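These notes are about the structure you will find just below.
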Amino acid sequence: MKQSDPINNIRNIGIIAHIDAGKTTVTERVLFYTGRSHKIGEVHDGAAVMDWMVDEQERGITITSAVTTCHWKQGEIQIIDTPGHVDFTIEVERSLRVLDGAIGVFCAVGGVEPQSETVWRQADKYRVPKMAFINKLDRIGADFFGTVEMMKERLHANPLILQLPVGIEEGFCGIIDLIHMKQIVWDNDTLGATYSEEDIPDELLESARIHREKLLETVAEVDDGIMEAYLSENFIDIDRILTAIRSATIQLKLVPVFCGSALKNKGIQPLLDGIVRFLPSPMDVPPIKGIHPDTAEAVLCKPSDKAPLAALIFKVSMMEGRKLAFIRIYSGKITAGDEVYNPSRKTKEKLSRILRMHANKRERIDAAGTGSIVGIVGLKDSSTGDTLCSRNHPVLLEKIEFYEPVISVAVEPKTHADQEKIEQVLEKFLAEDPTLRIQKDEDTGQTILSGMGELHLEIIISRMLREFNTRVNVGKPQVVYRETIKNETEAAAVFDREIAGQHHYGDVRLKLIPLPRGSGNRFKAEIKPGIISDNFIGPIQTGITESLSSGPLMGYPVVDVEAVLIGGGFKESLGSELAYKVSASMACKDALAKGEPFLLDPIMRVEVYVPESFVGDVIGDLHTRKAKIESITAGKGIQIIHTTVPLAHMFGYSTSLRSATQGRGTFTMQFSRFDRC
């Protein structure tokens with residue numbers, strides 16, 4: 001940040017929307033018109049500045065949130081372009097956590113699409129002031145007012161229309177500014193870089209006056225001063241209107257609505273004006289609160305360069321093999337070479353380099369102050385969600401919530417060389433992506449990779465090959481069942497054999513009793529003293545435990561069984577630990593086979609979030625998956641279905657749910673218990 005730039009001029013904003021609404025296209029125009037880029041990069045050509053990853057360029061979608069900084073008039077705008085695909089929701093979540101404002105981009109044809117609802121709710125959760133940009137007004141089927149109505153219905157927003165489109169679909173040629181009552185027309189020869197303000201044509205004047213009146217009515221409802229002037233029919237100064245809109249936007253009472261066509265280079269400059277005029281600076285939002293790590297007292301972090309340092313790491317990225325941490329500075333300032341404190345891990349960290357980011361390009365800077373979003377190189381132990389502060393004024397900021405993964409695949413290296421690299425590569429992905437989980441399944445020997453969706457895991461596997469030249473075979477993980485018995489049963493076994501010149505004798509009689517689900521396995525000895533020496537009770541228990549690790553049906557572990565030692569025999573000087581261990585194992589296997597064994601399914605607790613109109617279809621699909629519906633509760637515009645489902649029937653559910661709900665449904669899943677198939 002330039003030293004002359006006051007904190008009041010900073011705007012930290014995010015571009016949020018459903019996939020393919022035009023977020024990255026809008027960002028590319030913003031960079032071009034602010035002079036940050038010298039040419040416009042198009043998403044469909046794979047040349048967008050903000051979509052720098054190879055997978056992003058090939059697929060034409062945003063996968064990772066990218067940070068850049070540009071200047072417009074008096075404002076310094078720090079932008080985070082976020083993904084629109086549901087699999088990368090965490091990228092939006094952690095970006096919104098550190099932003100002061102957001103622009104929701106809506107396709108005028110698709111309206112408020114499913115992921116738009118999700119990201120809007122995330123922004124509401126963090127109380128982020130928002131503006132809306134209705135894009136693609138040049139497309140066939142575009143409906144400006146229909147999209148505004150959908151904002152009211154689906155987002156429960158209070159949209160304030162500041163602009164009207166001039167023409168629609170192929171006839172879209174400009175916009176009407178309702179505040180200044182001017183028509184704005186862009187020059188196609190300069191790629192929209194120049195535009196002119198004209199008087200509103202007579203045929204559009206009446207419609208413009210009606211909508212300006214509605215604008216004043218809406219603002220009057222949230223501002224007492226405007227209401228008084230409006231009711232008195234006094235002239236209301238434009239500056240007064242702008243001030244009232246800004247105040248209402250920051251208080252989340254209104255959502256200013258802009259319009260245009262980013263691809264046709266129309267509507268971006270007024271949107272930039274709106275960002276500077278209506279969205280808050282770090283001084284306009286309430287100071288962030290943290291807690292003292294030792295006393296748990298509340299700590300207020302004032303937005304000032306002179307205040308003690310408080311910064312949050314909201315993203316970690318591995319660039320060219322080095323760990324790059326993205327931080328938002330809430331108070332204080334940092335200088336390259338500074339030593340800072342991480343209260344979560346109780347460690348000191350050194351800031352080797354401070355970088356101003358422009359997508360994947362980096363510019364070294366000496367210092368950064370309050371409100372800045374910068375990259376840091378040199379952090380060793382710190383990761384996403386950690387706080388950086390000064391040792392003398394420790395503060396712990398609220399951590400970022402991460403979603404639990406819902407889909408898993410099994411991966412195994414293709415060659416011995418890949419085997420050596422795979423663990424290191426996966427560790428790097430874990431450091432970068434907090435929604436990724438990796439575990440070694442001891443029962444199947446597979447490495448299980450779990451993530452937010454099929455596309456999420458596809459991208460990880462693609463990056464393993466592209467960035468680290470690590471090849472893996474990918475398959476579905478096996479569902480690990482459990483086995484148990486239905487009936488109480490008894491069995492006996494004698495081991496009487498000479499091995500390597502030594503005689504071994506063991507005689508064991510067991511009873512197996514089925515236990516309630518979730519009880520685990522138990523062992524007890526109910527024999528009279530002298531029947532079996534106490535020295536052999538331990539080996540008998542070991543033999544039983546080993547035999548319960550592999551059941552008679554399909555070799556899965558046996559659970560919820562009590563093994564009771566009820567008898568046996570003993571021969572002086574012939575008994576051995578080996579003999580009693582083996583005989584106990586034989587008796588246990590025999591008893592298991594006679595006890596009517598059956599399989600237990602892993603049962604998952606699932607919560608499905610569904611718009612009301614799709615509840616019937618979703619419940620029908622869940623029934624085909626042998627789900628038990630426990631309850632349905634109402635949320636804000638959605639129904640939440642609480643159910644339990646066998647894990648084996650949940651593979652591919654993410655795709656099925658999106659198909660059944662036009663992509664608007666989401667779900668969470670976690671292990672509940674093992675139960676009978």
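The structure displayed is predicted, hence computed values, not measured ones.
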Q. Would Asp560 and Arg517 pass as an ion pair if we require N to O under 4.0 Å?
A. yes

Q: Would you check if Thr69 and Ile79 make a side-chain contact, meaning some heavy-atom pair closer than 4.5 Å?
A: no

Q. Is it true that Lys581 and Glu546 have a side-chain N and a carboxylate O under 4.0 angstrom from each other?
A. yes

Q. Between Ser549 and Pro557, is any pair of side-chain heavy atoms under 4.5 Å apart?
A. no

Q. Okay, side chain of Thr545, backbone of Gln541: is any donor-acceptor separation there less than 3.5 Å?
A. yes

**Q.** For Pro293, all residues meeting side-chain contact (heavy atoms from CB on, under 4.5 Å), sequence neighbours excluded
**A.** Pro343, Pro394

(Q) Looking at every heavy atom in both Ile422 and Thr470, which two are closest together, and how far apart are they? (A) CA-CG2, 4.3 Å

Q. Could you give the distance from CD1 (Ile641) to CD1 (Ile619), rounded to the nearest 0.5 Å?
A. 4.5 Å

Q. By salt bridge (charged side-chain N to carboxylate O under 4.0 Å, His left out), which residues pair with Asp100, not counting sequence neighbours?
A. Arg328

Q | Nearest-0.5 Å distance, OG1 of residue Thr68 to CD1 of residue Ile373 | A | 11.0 Å

Q. Closest approach of Ala102 and Val128, non-hydrogen atoms and distance?
A. N-CG1, 3.7 Å

Q: Using the side chain to side chain contact (heavy atoms under 4.5 Å, CB included) rule, take Leu388 and Ser382 through it: C-alpha gap first, then chi angles, then the decisive distance, then the call.
A: CA-CA 9 Å; Leu388 299 180; Ser382 304; 4.0 Å; yes

**Q.** Reported NE2-to-CD1 distance for the pair His623 and Ile629, which is rounded to 0.5 angstrom
**A.** 5.0 Å

**Q.** Atom of Arg625, atom of His649 and distance for their closest heavy-atom approach
**A.** NH1-O, 2.6 Å

Q | Residues that Asp617 engages under side-chain contact (heavy atoms from CB on, under 4.5 Å), provided they are two or more places apart | A | none

Q: State, with a plain yes or no, whether a side-chain heavy atom of Tyr556 is found less than 4.5 Å away from one of Arg482.
A: no

Q | Interatomic distance, Leu449 atom CG to Ile461 atom CD1 [nearest 0.5 angstrom] | A | 6.0 Å

Q) What pair of heavy atoms forms the shortest contact from Asn521 to Val561, and how long is it? A) OD1-N, 3.1 Å

Q | With Ala627 via side-chain contact (heavy atoms from CB on, under 4.5 Å) - residues at least two apart | A | Leu622, Thr643, Val645

Q. Rounded to the nearest 0.5 Å, how far does CZ of Phe523 lie from SG of Cys588?
A. 10.5 Å

Q.
Looking at every heavy atom in both Pro602 and Tyr481, which two are closest together, and how far apart are they?
A. CD-CD2, 4.0 Å

Q) Is the shortest heavy-atom distance from the side chain of Ile313 to the side chain of Ser383 under 4.5 Å? A) no

Q) Do Ile327 and Phe314 come within less than 4.5 Å of each other through their side chains, counting heavy atoms only? A) no

Q) Charged N to carboxylate O below 4.0 Å: is that the case for Asp601 and Lys626? A) no

Q.
If the condition is ring pair (Phe, Tyr, Trp, His ring centres under 6.0 Å), which residues does Tyr341 pass it with, not counting sequence neighbours?
A. none

Q: Check step by step if side chain to side chain contact (heavy atoms under 4.5 Å, CB included) holds for Val395 and Cys301.
A: CA-CA 9 Å; Val395 61; Cys301 304; 4.1 Å; yes

Q) Within the distance-only criterion (no hydrogens, no angle test), does the side chain of Ser390 pair as donor or acceptor with the backbone N or O of Leu309 below 3.5 angstrom? A) no

(Q) Just so I know, are the side chains of Ile376 and Ile334 near enough to count as touching, which here means a heavy-atom distance under 4.5 Å? (A) yes

Q. For Leu515 and Ser519, which heavy atoms make the closest approach, and how far apart are they?
A. CB-CB, 3.8 Å

Q) Would you find a donor on one side and an acceptor on the other, under 3.5 Å apart, between the side chain of Glu483 and the backbone of Leu553? A) yes

Q.
Is there a side chain to side chain contact (heavy atoms under 4.5 Å, CB included) between Leu324 and Met357? Walk through the geometry before answering.
A. CA-CA 11 Å; Leu324 174 66; Met357 303 303 299; 3.7 Å; yes

Q) Centre of Phe598's six-membered ring, under 6.0 Å away, within 45 degrees of the axis: is that where NZ or CZ of Arg676 sits? A) yes

Q. With side chains defined as the heavy atoms from C-beta onward, is the minimum distance between Ile365 and Val374 less than 4.5 Å?
A. yes

**Q.** Gap between atom CG of Leu548 and atom CG of Leu592 - 0.5 Å precision
**A.** 6.0 Å

Q.
The criterion is salt bridge (charged side-chain N to carboxylate O under 4.0 Å, His left out); which residues satisfy it with Glu607, sequence neighbours excluded?
A. none

Q. Is the shortest heavy-atom distance from the side chain of Pro646 to the side chain of Met650 under 4.5 Å?
A. no

Q.
Does Arg345 have more than 12 heavy atoms from other residues, nucleotides or ligands lying within 6.0 Å of its CZ?
A. yes

(Q) Can you confirm whether the side chains of Glu349 and Asn342 place a donor and an acceptor under 3.5 Å from each other? (A) no

Q: Please assess Ile603 against Phe674 for the test side chain to side chain contact (heavy atoms under 4.5 Å, CB included), listing each intermediate value before the final yes or no.
A: CA-CA 6 Å; Ile603 305 295; Phe674 283 97; over 6 Å; no

